[in-house]
Each structure stands twice: as structure tokens, then as C-alpha cells.
K.L.:
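This is the structure, below, for whatever I ask next.
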Amino acid sequence: MTPINNHDIAELESKLNAHLPDSYKYLISTYGLVHTPNVFTKICDLGSDITEVQDFLSLQDIHSLSSLYEMSGMPKGHILFASDCKGNMFCFKRTDCEKQQADAAIWFYDQGLSTVKKVSNSFTQWLEAFNQL
């Protein structure tokens, strides 16, 4: 994993006209884009109700896929940042990103149902749930 340059993150925020949560920016600027192909197996083995994450999106994909998914039926007002292995997405609400904040809730877009539901009150709590596996 290669850390993401803070300048590149700031450029993405400018394109999105939004402020990504500090907790998310810390993760990608310190560790880079996370890829977790074994999380699904672990979740299934433990019978956990956590929705699996497989890949964190590149900064370019965050910008382009957020728009593309809205054009394809995702309810408007979300910024995608990670995916599962089935084309579903994890995202932040745009309204939560209107001003700079330390953390933000995580939402899950189910592509098959075209619904978005809250899966965690914060990015930090969401990551901690995976660490507890």
C-alpha cells in the first residue's frame, strides 16, 4: 500500500466540492488504499453481519464513480469511497461533508436494490468492527 499525497486528497475535495472526514484522510495518507480480499471469507466463517469491504477506491474513481453511480440509479448525495466484491459501495453523505469534520457516518449502497442504508455512525467505528474480526 502506498500512502496518498495530501495535495492529491485536497485536489479531490476541490473537485467534489466537499470535505472528506479527517479519519478517512488519515488512513489513506498514512497507509494508502486498502485491499482486503480475505475479509469476505472471515466474515462468512464467523457468521458476522458486517457487510464486507474489498477495495478502497482510487481518488480518480471516487470522483468518477460517485457521478456514474448516481446516473445509474443510486440516490443522489453520496461520495463513494470503497466497494465490496459485488459492485455495492460504501459512501459518505454529501451533507456530512459540507464542512470539515473529524469523522462521518458510513452508508452502504446496495446496487441490486438501489437503496442506501447507514451501516456505521463513524468511519472509525466502521474500521474498528473489521479489526474485531
Side-chain angles (χ1 to χ4, degrees):
M1 295 185 296
T2 305
I4 304 295
N5 183 298
N6 285 323
H7 173 75
D8 294 336
I9 297 170
E11 188 177 307
L12 172 63
E13 289 179 311
S14 178
K15 286 180 184 176
L16 293 170
N17 194 27
H19 300 278
L20 297 170
D22 291 341
S23 55
Y24 169 75
K25 292 189 294 189
Y26 173 80
L27 177 76
I28 65 172
S29 67
T30 304
Y31 301 103
L33 303 174
V34 180
H35 175 70
T36 59
N38 296 326
V39 169
F40 180 68
T41 303
K42 185 76 167 176
I43 288 169
C44 290
D45 289 348
L46 295 173
S48 176
D49 61 354
I50 297 173
T51 304
E52 77 277 359
V53 63
Q54 184 166 346
D55 289 303
F56 277 59
L57 303 176
S58 71
L59 300 187
Q60 183 178 15
D61 284 347
I62 288 171
H63 183 256
S64 61
L65 290 177
S66 292
S67 296
L68 181 63
Y69 267 65
E70 281 186 352
M71 291 188 306
S72 301
M74 181 179 76
K76 294 192 183 304
H78 299 87
I79 299 171
L80 308 177
F81 71 87
S83 66
D84 69 5
C85 62
K86 302 173 203 153
N88 302 311
M89 295 289 178
F90 295 91
C91 49
F92 302 110
K93 273 202 170 201
R94 279 194 177 274
T95 54
D96 291 343
C97 298
E98 290 175 348
K99 60 182 179 180
Q100 191 61 52
Q101 57 185 331
D103 215 338
I106 303 302
W107 299 79
F108 180 72
Y109 171 61
D110 184 313
Q111 188 174 5
L113 300 175
S114 293
T115 59
V116 179
K117 72 175 182 176
K118 189 179 198 179
V119 293
S120 180
N121 290 325
S122 78
F123 182 74
T124 304
Q125 288 176 353
W126 182 72
L127 287 178
E128 287 173 358
F130 290 106
N131 286 334
Q132 293 173 4
L133 294 175

K.L.:
Classify the angle between the aromatic ring planes of Trp126 and Phe56 as parallel (below 30°), tilted (30 to 60°) or perpendicular (above 60°).
P.N.:
tilted

K.L.:
Would you call His63 and Leu12 a side-chain contact if the rule is heavy atoms closer than 4.5 Å?
P.N.:
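They are in side-chain contact.
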
K.L.:
Would Leu16 and His19 satisfy side-chain contact (heavy atoms from CB on, under 4.5 Å), going step by step from the backbone distance to the final call?
P.N.:
CA-CA 8 Å; Leu16 293 170; His19 300 278; over 6 Å; no

K.L.:
Any heavy-atom pair between the side chains of Gln100 and Lys25 that's under 4.5 Å?
P.N.:
yes

K.L.:
Drop me the distance from Ser23's OG to Ile106's CD1, to the nearest 0.5 angstrom.
P.N.:
7.0 Å

K.L.:
Between Tyr24 and Phe92, how do the two ring planes meet: parallel, tilted or perpendicular, split at 30° and 60°?
P.N.:
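Answer is perpendicular, since the angle exceeds 60°.
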
K.L.:
Evaluate the side-chain proximity of Asn88 to Ser83: yes if any heavy-atom separation is below 4.5 Å, no if none is.
P.N.:
no

K.L.:
How long is the gap from NZ on Lys15 to OG on Ser64, to the nearest 0.5 Å?
P.N.:
9.0 Å

K.L.:
To the nearest 0.5 Å, how far apart are CD in Glu13 and CG in Asp8?
P.N.:
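Between Glu13 CD and Asp8 CG, I get 11.5 Å after rounding to 0.5 Å.
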
K.L.:
Got a sec, which residues hit ring-ring contact (aromatic ring centres under 6.0 Å, His included) with Tyr109, two or more places apart in sequence or on another chain?
P.N.:
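Checked Tyr109 against ring-ring contact (aromatic ring centres under 6.0 Å, His included); matches are Tyr69.
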
K.L.:
Might you work through the side-chain contact (heavy atoms from CB on, under 4.5 Å) test for Met89 and Leu65, ending with a clear yes or no?
P.N.:
CA-CA 10 Å; Met89 295 289 178; Leu65 290 177; 4.2 Å; yes

K.L.:
How about Asp96 and Trp107: do any of their side-chain heavy atoms sit closer than 4.5 Å?
P.N.:
yes

K.L.:
Please name the pair of heavy atoms, one in Arg94 and one in His78, separated by the smallest distance, quoted to 0.1 Å.
P.N.:
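Closest approach of Arg94 to His78, heavy atoms only: CG-N, 3.9 Å.
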
K.L.:
Mind running side-chain contact (heavy atoms from CB on, under 4.5 Å) on Gln125 and Asp103 for me, showing each step along the way?
P.N.:
CA-CA 10 Å; Gln125 288 176 353; Asp103 215 338; over 6 Å; no

K.L.:
Measure the CG-CZ distance between Leu33 and Phe81 for me, rounded to the nearest 0.5 Å.
P.N.:
12.0 Å

K.L.:
Enter the distance from Ser120:OG to Leu127:CG here, rounded to the nearest 0.5 Å.
P.N.:
8.5 Å

K.L.:
Are the side chains of Thr2 and Tyr31 in contact, using a 4.5 Å heavy-atom criterion?
P.N.:
no

K.L.:
Using a 4.5 Å cut-off on heavy atoms from C-beta on, say whether the side chain of Asp84 contacts that of Phe108.
P.N.:
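Side-chain contact under 4.5 Å: yes.
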
K.L.:
What are the two closest non-hydrogen atoms of Gly77 and Glu70, and how far apart are they?
P.N.:
N-OE2, 2.7 Å

K.L.:
Indicate if Val119 and Leu113 have the same hydrophobic cluster label, given that clusters are the connected sets of ILVMFWY residues with side-chain heavy-atom separations under 4.5 angstrom.
P.N.:
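No; tracing contacts between hydrophobic side chains, which count when under 4.5 Å, never links both residues.
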
K.L.:
Please examine the side chains of Cys97 and Ile79, heavy atoms only from C-beta on, and report whether any two atoms are closer than 4.5 Å.
P.N.:
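In short, these two side chains touch, coming nearer than 4.5 Å.
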
K.L.:
With a 4.5 Å heavy-atom cut-off, do Glu11 and Leu59 have their side chains touching?
P.N.:
no

K.L.:
Got a second to check how far Asp61's CG is from Leu80's CG, nearest 0.5 Å?
P.N.:
10.0 Å

K.L.:
Donor-acceptor pair, Ser66 side chain versus Ile62 backbone, under 3.5 Å?
P.N.:
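Yes; judged by distance alone, with no hydrogens or angles, the pair exists.
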
K.L.:
Mind listing the closest non-hydrogen atom pair of Gly87 and Gln111 along with its distance?
P.N.:
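Closest approach of Gly87 to Gln111: O-OE1, 2.9 Å.
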
K.L.:
Starting from the C-alpha separation in whole Å, work towards a yes-or-no answer on side-chain contact (heavy atoms from CB on, under 4.5 Å) for Ser29 and Ile9.
P.N.:
CA-CA 8 Å; Ser29 67; Ile9 297 170; 4.0 Å; yes

